[in-house]
Student: 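Mind looking over this structure? Questions follow.
Since the structure is predicted, the reported quantities are computational estimates derived from the model, not experimental observations. Naming convention: chains lettered A, B, ... in sequence-line order (proteins, then strands); numbering from 1 in each chain.
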Amino acid sequence: MAEAGVDGVLGHLNPAQREAVLTGASHNLILAGAGTGKTTTIVARVRHLLRQGVPPERILAITFTRRAAAEIRSRVQGDLAGASSSVAAMTFHGWAMREVRGAPDVFGYEGWSVLDAEDQLQVMRGVLGRGKRVEGLKAAQIVDLLSFAHNTRRTLAAAIQAKLPDLDVDPKAIGAAVRAYEQRKTERKYLTYDDILRVFAARLADDAVAAWVGSHYDEILIDEMQDTNPLQWQIIDPLVPHTRFYCVGDDAQSIYGFRGADFASIHSFSDRVPGARVLKLEDNYRSTQEILDLSNWLLAESPLGYDKKLRAVRGKGAKPELHSFETPQDEAGFIAAEMMRAHRDELPWATHLVLVRTNWSGRAIEARLVENDIPYVFFGGVKLLESAHVRDVLSALRVVANPDDEVAWMRLLTLVPRVGDVTAARAFDSFLTARGDGASAREARGLALAGMPAWLKAGLDAIEQAAARVDDAVGRAAAMLQPVLAHKYRNENWDARARDLVHVERLAASRASILEFLEEYILSPVFTSELEPESQQDHVIVSTVHSAKGLERDWAFCAGISAGSYPSARSLGDVDELEEERRVLYVALTRARDRLVMTRTAAHTPVRAWVGSGGAAAGFVEDAYFFNTLPERLVEEVPHVVARPARPAPPPGLSAPAEVDLSIDLGDLD
DNA sequence: ATCTGTGTATTTTTT
DNA sequence: ATACACAGAT
């Protein structure tokens, strides 16, 4: 079948999807509700373009995560020949970095390294010095604030207004701290996640650059368009005249407001992108009608008016279940028990998806799965490059790849026995001084390490020798640090950690350089659990709702659907955040195909909250819990609360008020 | 003065 | 799982 007919690409699509795939408009927005075949449509569109003769390298698909990118790549590939493998699928950050790295003459920043969240905090802490606070704000809060400002393209002052309206802080002091942080980043040649997008966006403001970048692609497809923020729009806008955009999204699934996404921006798409055509997909192929009835009800309760009613092509099924428990342990136990029961009935583990609101709440479930030997993969847990031992090893690679990388130097040096921050800072200082006097990075390293054990200098030289083979370099770093790490983690799972280091080495194979390797995995992180052997076999998926975009399973367990969690207590007081919580729950509910099991604890605690900050929408919400008004007909309620048998009353003769002498007998103190 | 070890607190959500 | 504070060791 060298020549797949039109039907080969389009045969399984409904008329609306077919229309969306074949559209000839130069720019398109596909509004695709949950389960309406969003990925199917994107994949079919790519295959359609390929069939039309568009070379694969002229198509770019922007996705939200590494996993989504991999999914699109493999589905595009499908039964087509190998050529399609060169269709690029990556995240916004991955794309920006690729453009920047691919044309240093245009963008600059050669040799700068990318900081992940943890390292940004380290830099900020270093700037704040002793007390590690400014105006009562911790380093993490200032970094968040700054990132919010960048992503929403606000000034720092405006971001303080928006994020901390009730706090009495001096914006000048925060401004000074931010300036110092920026200066430190420049000195050390650091780029943050936001900087990557900002460098790209800033150069695209030059129309010649935009025209050149746009000319690389016939079409750019963007998935999860509703989560695009103003900073990302700053990249899209200048490219509109120079390429085609094919965007897919759903306003009801916008759950990244905290990162600056504004779900309403999707509504103004056709104003923003002249000549754009807007198409809608409304037929849901995923779930039964009962699951959609509940989801539709949840949205209809919102004051925002989503104008969305999903129709189930599959028809009727079982009612969603709502189980109430006394404790989270009971809740986790029930979920595990249900899955084991299903497994005895020959249902594979892969039938199940467990959705949690926070990483933290996932741990309780995880513990139960481990206890019962249920194979699982946790999306949302610790990422490989975030774990302490991996960072330790990578710090050695980093000082070789970017000698100015202070954070890495400090981490590496303090691993040496008898070296703490004071000694480490002194060594780094002498390194900087030697560099300032014109020494090469290697000479300066030798001077700075004069008082250190010989293995450190020898190890770094060896890593430098091996730098062209990144996996070798990782292996040498791990070998060099093996003794100190084995000691440092002797009581903290050293064996498992050592296995991670082997994974890192494997991932590093075939990378062109240390910086490229680090960048790739900082920009699209891998969860440690994805590398475990379980992930190769039949397994349950546990995921935060945010990491569950695009996932679906026959059964979905939504845990912690309790008052105080939906909406989360932290979101009370802000209508926008409250409504975002509603969408988070909506995304969770719509993951289920056949059976939706919601579990909760302490369902009867009322949560009172002041909503709004003085505007017209402000008011006192008596009981802020989405399921307070849930109509009975939509779910099957199952209480698991064990009725405690009432304690028998004491016989009447025993009920006289008694007093006990509570003083101590002093005895003979002479 | 500096480092190491222990106990306690703390976590929305992610690139 | 890690950050921070503090006490004790060298």
Student: Under 4.0 Å between any heavy atoms, over every strand shown, what does A:R198 touch: base, sugar-phosphate, or nothing? Just pick one.
Tutor: nothing
Student: Give one of base, sugar-phosphate or nothing for A:F64, where a contact means two heavy atoms less than 4.0 Å apart.
Tutor: sugar-phosphate
Student: Categorize A:K138 for me: base, sugar-phosphate, or nothing, with a 4.0 angstrom heavy-atom threshold over every strand shown.
Tutor: sugar-phosphate
Student: Looking only at side-chain N and O atoms, does A:R391 come under 4.0 Å of OP1 or OP2 in C:dT2?
Tutor: no
Student: Write down the distance between CG (A:L121) and P (C:dT2), rounded to a whole number of angstrom.
Tutor: 14 Å
Student: Looking across every strand, which nucleic acid part, if any, lies under 4.0 Å from A:V419 by heavy atom: base, sugar-phosphate, or nothing?
Tutor: sugar-phosphate
Student: At the 4.0 Å heavy-atom cut-off to chain A, mark where contacts on DNA chain B begin and end, going 5' to 3'.
Tutor: B:dT2 to B:dT15
Student: Select base, sugar-phosphate, or nothing to describe what A:K488 touches, counting heavy atoms under 4.0 Å on all strands.
Tutor: nothing
Student: So what does A:A117 touch, heavy atoms closer than 4.0 Å: a base, only the sugar-phosphate, or nothing?
Tutor: nothing
Student: Take the protein atom NE2 of A:H389 and the nucleotide atom P of C:dT2, then report the distance between them rounded to whole Å.
Tutor: 8 Å
Student: Using a heavy-atom cut-off of under 4.0 Å over every strand shown, decide if A:S547 touches base, sugar-phosphate, or nothing.
Tutor: sugar-phosphate
Student: Both A:R490 and A:G94 contact DNA chain B. Which one's nearest nucleotide lies toward the 5' end?
Tutor: A:R490
Student: Can you confirm whether A:L481 sits close enough to A:L412 that some side-chain heavy atom of one is under 4.5 Å from a side-chain heavy atom of the other?
Tutor: yes
Student: Can you check whether A:E406 reaches A:R184 side chain to side chain, under 4.5 Å on heavy atoms?
Tutor: yes
Student: Report the residues that fulfil salt bridge (charged side-chain N to carboxylate O under 4.0 Å, His left out) with A:R499, sequence neighbours left out, ordered by chain and then residue number.
Tutor: none
Student: For A:D119, which residues count as a side-chain hydrogen bond (donor to acceptor under 3.5 Å, both in side chains) partner, sequence neighbours excluded?
Tutor: A:R391, A:R398
Student: Specify the separation, in whole Å, of atom OH of A:Y489 and atom P of C:dT2.
Tutor: 7 Å
Student: If the condition is side-chain hydrogen bond (donor to acceptor under 3.5 Å, both in side chains), which residues does A:K163 pass it with, not counting sequence neighbours?
Tutor: none
Student: Rounded to whole Å, how long is the line connecting atom CD of A:Q141 with atom C1' of C:dA3?
Tutor: 15 Å
Student: Mind calculating the distance between CG (A:N493) and C1' (C:dA1) to the nearest angstrom?
Tutor: 11 Å
Student: With side chains defined as the heavy atoms from C-beta onward, is the minimum distance between A:F428 and A:L432 less than 4.5 Å?
Tutor: yes
Student: Of A:E577 and A:D194, whose closest DNA chain B nucleotide lies nearer the 5' terminus?
Tutor: A:E577
Student: The criterion is side-chain contact (heavy atoms from CB on, under 4.5 Å); which residues satisfy it with A:A205, sequence neighbours excluded?
Tutor: none
Student: Could you note down all residue pairs passing side-chain hydrogen bond (donor to acceptor under 3.5 Å, both in side chains) where residues 416-431 of chain A supplies at least one of them, sequence neighbours left out?
Tutor: none
Student: Need one value for A:R418: base, sugar-phosphate or nothing, where a base atom within 4.0 Å counts as base even if backbone is also close, heavy atoms only.
Tutor: sugar-phosphate
Student: Between C:dC4 atom C1' and A:D421 atom CG, what is the distance in whole Å?
Tutor: 12 Å
Student: For A:R426, answer base if it contacts any base atom (sugar-phosphate contacts may also be present), sugar-phosphate if it contacts only those atoms, and nothing otherwise; contact means non-hydrogen atoms under 4.0 Å.
Tutor: sugar-phosphate
Student: With sequence neighbours left out, what residues match A:T65 under side-chain hydrogen bond (donor to acceptor under 3.5 Å, both in side chains)?
Tutor: none
Student: I'd like to check the side-chain hydrogen bond (donor to acceptor under 3.5 Å, both in side chains) partners of A:D227; sequence neighbours left out, ordered by chain and number.
Tutor: A:K549
Student: For DNA chain B, which residues in residues 519-527 of chain A have a heavy atom at a distance below 4.0 Å?
Tutor: A:L523, A:P525
